[in-house]
A.B. asks: 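First the structure, which I've put down as structure tokens, then a few questions once you've had a look.
In listed order, ligands and their atoms are each counted from 1. What you see is a predicted model, and the numbers here were worked out from it, not measured in a lab.
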Amino acid sequence: MNDIQWYPGHMTKAKRQMQEDLKLVDLIIELADARIPGASRNPDIRQLGQGKARLIVLNKADLADESVNRAWLSAFQSEGYSVLLADSRKRSDLNKINALIQEACRERIERNRRRGFKNKPIRAMVAGIPNVGKSTFINTVAGRASTKTGNQPGVTKGKQWIHLKNGLDLLDTPGILWPKFEDPKVGELLAMTGSIRQDILNRDDLAVSLIRLLGNMYPGVLAEFYQIDDTDDPAELLTRIAKARNCIAKGNELSVEKAVQILLEEFRNGKIGRISLERPDAQE
Ligand SMILES: Nc1nc2c(ncn2[C@@H]2O[C@H](COP(=O)(O)OP(=O)(O)OP(=O)(O)O)[C@@H](O)[C@H]2O)c(=O)[nH]1
Ligand SMILES: [Mg+2]
């Protein structure tokens with residue numbers, strides 16, 4: 001896992017494209033994964049977006065721990081950001097978005113008004129790591145399926161403008177990961193939550209890391225969910241999950257590999273519970 005350095009060609013291109021497109025927008029709507037708000041924020045976006053109005057959406061908030069969500073919300077607010085916690089699939093979670101956009105762009109809107117541009121649209125780029133929900137967010141705000149979505153990284157391949165009736169133009173962008181994860185933990189967190197494609201990872205290692213992390217942050221949660229006896233030994237825990245879920249491979253043998261797959265998938269999809277893998281007080 002220490003060598004995850006995933007920066008395919010289309011992402012280099014996407015970053016260059018983003019630099020260009022940023023010249024066209026008033027606002028960056030940055031989507032982060034509420035389960036890992038630290039690891040899912042791309043430092044490129046921070047740097048590239050300097051001087052632009054910024055709004056942070058902590059997306060997939062429905063999969064994250066509610067009390068930790070609230071802690072992140074105030075942490076970002078105290079840094080001066082406009083922030084929204086959301087399940088972007090739900091219209092009601094995005095009711096406040098227009099007000100927040102106006103708030104984040106207040107200076108721009110006032111400048112436009114002073115110059116006599118009354119109805120100039122606000123242009124916003126929706127940016128964030130792969131699979132975080134950018135296209136879903138846009139579709140919900142637009143009230144129609146204007147962009148393609150899907151539960152794997154790399155669905156959006158190129159940029160696309162979506163023009164809304166209320167004078168808001170949204171730019172959908174492909175997910176971007178940074179060239180090198182300085183902290184290998186960041187790569188793991190992105191893999192656990194589904195922003196890095198599975199096929200480039202060692203799943204067994206990932207499952208063991210997840211078990212260790214959950215053991216620290218949510219002791220007992222896996223034993224309870226899978227209805228097994230708890231243990232500190234990740235390999236043994238996987239064996240117990242395999243037994244509990246009747247994971248059998250050819251030759252009637254117990255398949256830990258299947259248990260690994262089940263665990264990773266059930267975690268990713270929130271089946272195990274609302275779990276946050278990063279807390280603001282643990283950040284530097
Ligand atoms: N539970 C939950 N799922 C979400 C949320 N937002 C999006 N999703 C799901 O996450 C998956 C990815 O959504 P997309 O909108 O395609 O993500 P994207 O950021 O556009 O992804 P790329 O274009 O690949 O970079 C889809 O299966 C969505 O249904 C959310 O707030 N909560
Ligand atoms: Mg997309």
A.B. asks: Would you mind checking which non-hydrogen protein atom is closest to atom 1 (N) of ligand 1, with the distance to 0.1 Å?
C.D. replies: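 Here the closest protein heavy atom is Asp62 OD2, 2.8 Å.
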A.B. asks: Do the side chains of Asp281 and Arg279 get close enough for a salt bridge, i.e. N-O under 4.0 angstrom?
C.D. replies: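 Salt bridge flag = no for Arg279 with Asp281.
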A.B. asks: Using 4.0 Å as the upper bound for N to carboxylate O, is an ion pair formed by Glu110 and Arg106?
C.D. replies: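 Answer for the salt bridge query: no.
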A.B. asks: Which protein non-hydrogen atom lies closest to atom 8 (N) of ligand 1, naming both residue and atom, and how far is it?
C.D. replies: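 For this ligand atom, the closest protein heavy atom is Lys60 CE, 3.8 Å.
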A.B. asks: Using modelled atom types and a 3.5 Å cut-off, is there a donor and acceptor pairing between side-chain atoms of Lys52 and backbone atoms of Val25?
C.D. replies: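 Answer holds: yes.
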A.B. asks: Out of all atoms in ligand 1, which are within 4.0 Å of some heavy atom of Asn59? Include the element for each.
C.D. replies: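 What qualifies from ligand 1 is 5 (C), 6 (N), 31 (O).
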A.B. asks: From the options Lys90, Arg268, Lys148, Arg89, select the one whose nearest heavy atom is closest to atom 4 (C) of ligand 1.
C.D. replies: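 Checking each option, the heavy atom nearest atom 4 (C) of ligand 1 is found in Arg89.
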A.B. asks: Touching ligand 1 at all, Gln152? Heavy atoms, strictly under 4.0 Å?
C.D. replies: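 Under 4.0 Å: yes for Gln152.
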A.B. asks: Any Lys/Arg nitrogen of Asp62 or Lys90 sitting under 4.0 Å from an Asp/Glu carboxylate oxygen of the other?
C.D. replies: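 A salt bridge is absent here (no side-chain N lies under 4.0 Å from a carboxylate O).
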A.B. asks: Within a distance under 4.0 Å of any heavy atom of Thr156, pick out the atoms of ligand 1 and give their elements.
C.D. replies: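 Going through ligand 1 atom by atom, the ones under 4.0 Å from Thr156 are 20 (O), 22 (P), 23 (O), 24 (O).
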A.B. asks: Taking only heavy atoms of Pro153 into account, list the atoms of ligand 1 that are under 4.0 Å away from them.
C.D. replies: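 Once the distances to Pro153 are compared, the set is 24 (O).
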A.B. asks: Closest non-hydrogen protein atom to atom 31 (O) of ligand 1, residue and atom name please, with distance?
C.D. replies: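 Protein heavy atom at minimum distance: Ser88 N, 2.9 Å.
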A.B. asks: Counting non-hydrogen protein atoms only, what is the nearest one to atom 21 (O) of ligand 1? Give residue, atom name and distance.
C.D. replies: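 Looking at atom 21 (O) of ligand 1, the protein heavy atom closest to it is Asn131 N, 3.1 Å.
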A.B. asks: What residue and atom, counting heavy atoms only, is the protein's closest point to atom 27 (O) of ligand 1, and at what distance?
C.D. replies: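 Protein heavy atom with the smallest distance to atom 27 (O) of ligand 1: Asn151 CB, 3.2 Å.
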A.B. asks: Establish, yes or no, whether the cationic atom of Arg274 lies under 6.0 Å from the six-membered ring centre of Tyr218 and within 45° of the ring axis.
C.D. replies: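 Output no; distance or angle outside limits.
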A.B. asks: I'd like to know if Glu253 pairs up with Lys250 as an ion pair, taking the criterion as any Lys NZ or Arg NE/NH1/NH2 lying under 4.0 Å from an Asp or Glu carboxylate oxygen.
C.D. replies: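 Here Glu253 does not pair with Lys250 in a salt bridge, since their nearest N and O are not under 4.0 Å apart.
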A.B. asks: Which atoms of ligand 1 sit under 4.0 Å from any heavy atom of Ala86?
C.D. replies: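 Matching atoms, with element in brackets: 31 (O).
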A.B. asks: Between the Mg ion (ligand 2) and Thr173, is there an N, O or S atom separated by less than 2.8 Å?
C.D. replies: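 So Thr173 does not bind the Mg ion (ligand 2) by this criterion.
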A.B. asks: Taking the side chain from Asn59 and the backbone from Ser88, do they hold a donor-acceptor pair closer than 3.5 Å?
C.D. replies: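 Side chain of Asn59 to backbone of Ser88, a donor-acceptor pair under 3.5 Å: yes, one is there.
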A.B. asks: List the closest protein heavy-atom neighbour of atom 17 (O) of ligand 1: residue, atom name, distance to the nearest 0.1 Å.
C.D. replies: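 Result: Gly133 N, 3.1 Å.
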A.B. asks: Examine Gly154 against ligand 1 and note whether any of their N/O atoms are separated by less than 3.5 Å.
C.D. replies: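 Yes; the residue has a nitrogen or oxygen that sits under 3.5 Å from a nitrogen or oxygen of the ligand.
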A.B. asks: Quick one: do Glu188 and Arg212 make a salt bridge, cutoff under 4.0 Å?
C.D. replies: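 No.
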A.B. asks: For the atom pair CG (Leu263) and CE (Met192), what is the distance rounded to the nearest 0.5 Å?
C.D. replies: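 Separation between the atoms: 9.5 Å.
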A.B. asks: Is there an N/O/S atom in Ser135 at a distance below 2.8 Å from the Mg ion (ligand 2)?
C.D. replies: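 So Ser135 does bind the Mg ion (ligand 2) by this criterion.
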A.B. asks: State, without any angle test, whether Thr147 and Gln160 hold a side-chain donor-acceptor pair at a distance under 3.5 Å.
C.D. replies: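 The criterion, which ignores hydrogens and geometry beyond distance, is not satisfied for Gln160 and Thr147.
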A.B. asks: Name the closest protein heavy atom to atom 25 (O) of ligand 1, giving the residue it belongs to and the distance to 0.1 Å.
C.D. replies: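 Atom 25 (O) of ligand 1 sits closest to the protein heavy atom Lys134 NZ, 2.9 Å.
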A.B. asks: Just verifying a value: how many Å separate Gln227 CD and Arg240 CZ, rounded to the nearest 0.5 Å?
C.D. replies: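 Those atoms lie 14.5 Å apart.
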A.B. asks: At what distance is the nearest protein heavy atom to atom 7 (C) of ligand 1, and which residue and atom is it?
C.D. replies: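 Among all protein heavy atoms, the one nearest atom 7 (C) of ligand 1 is Thr136 OG1, 3.5 Å.
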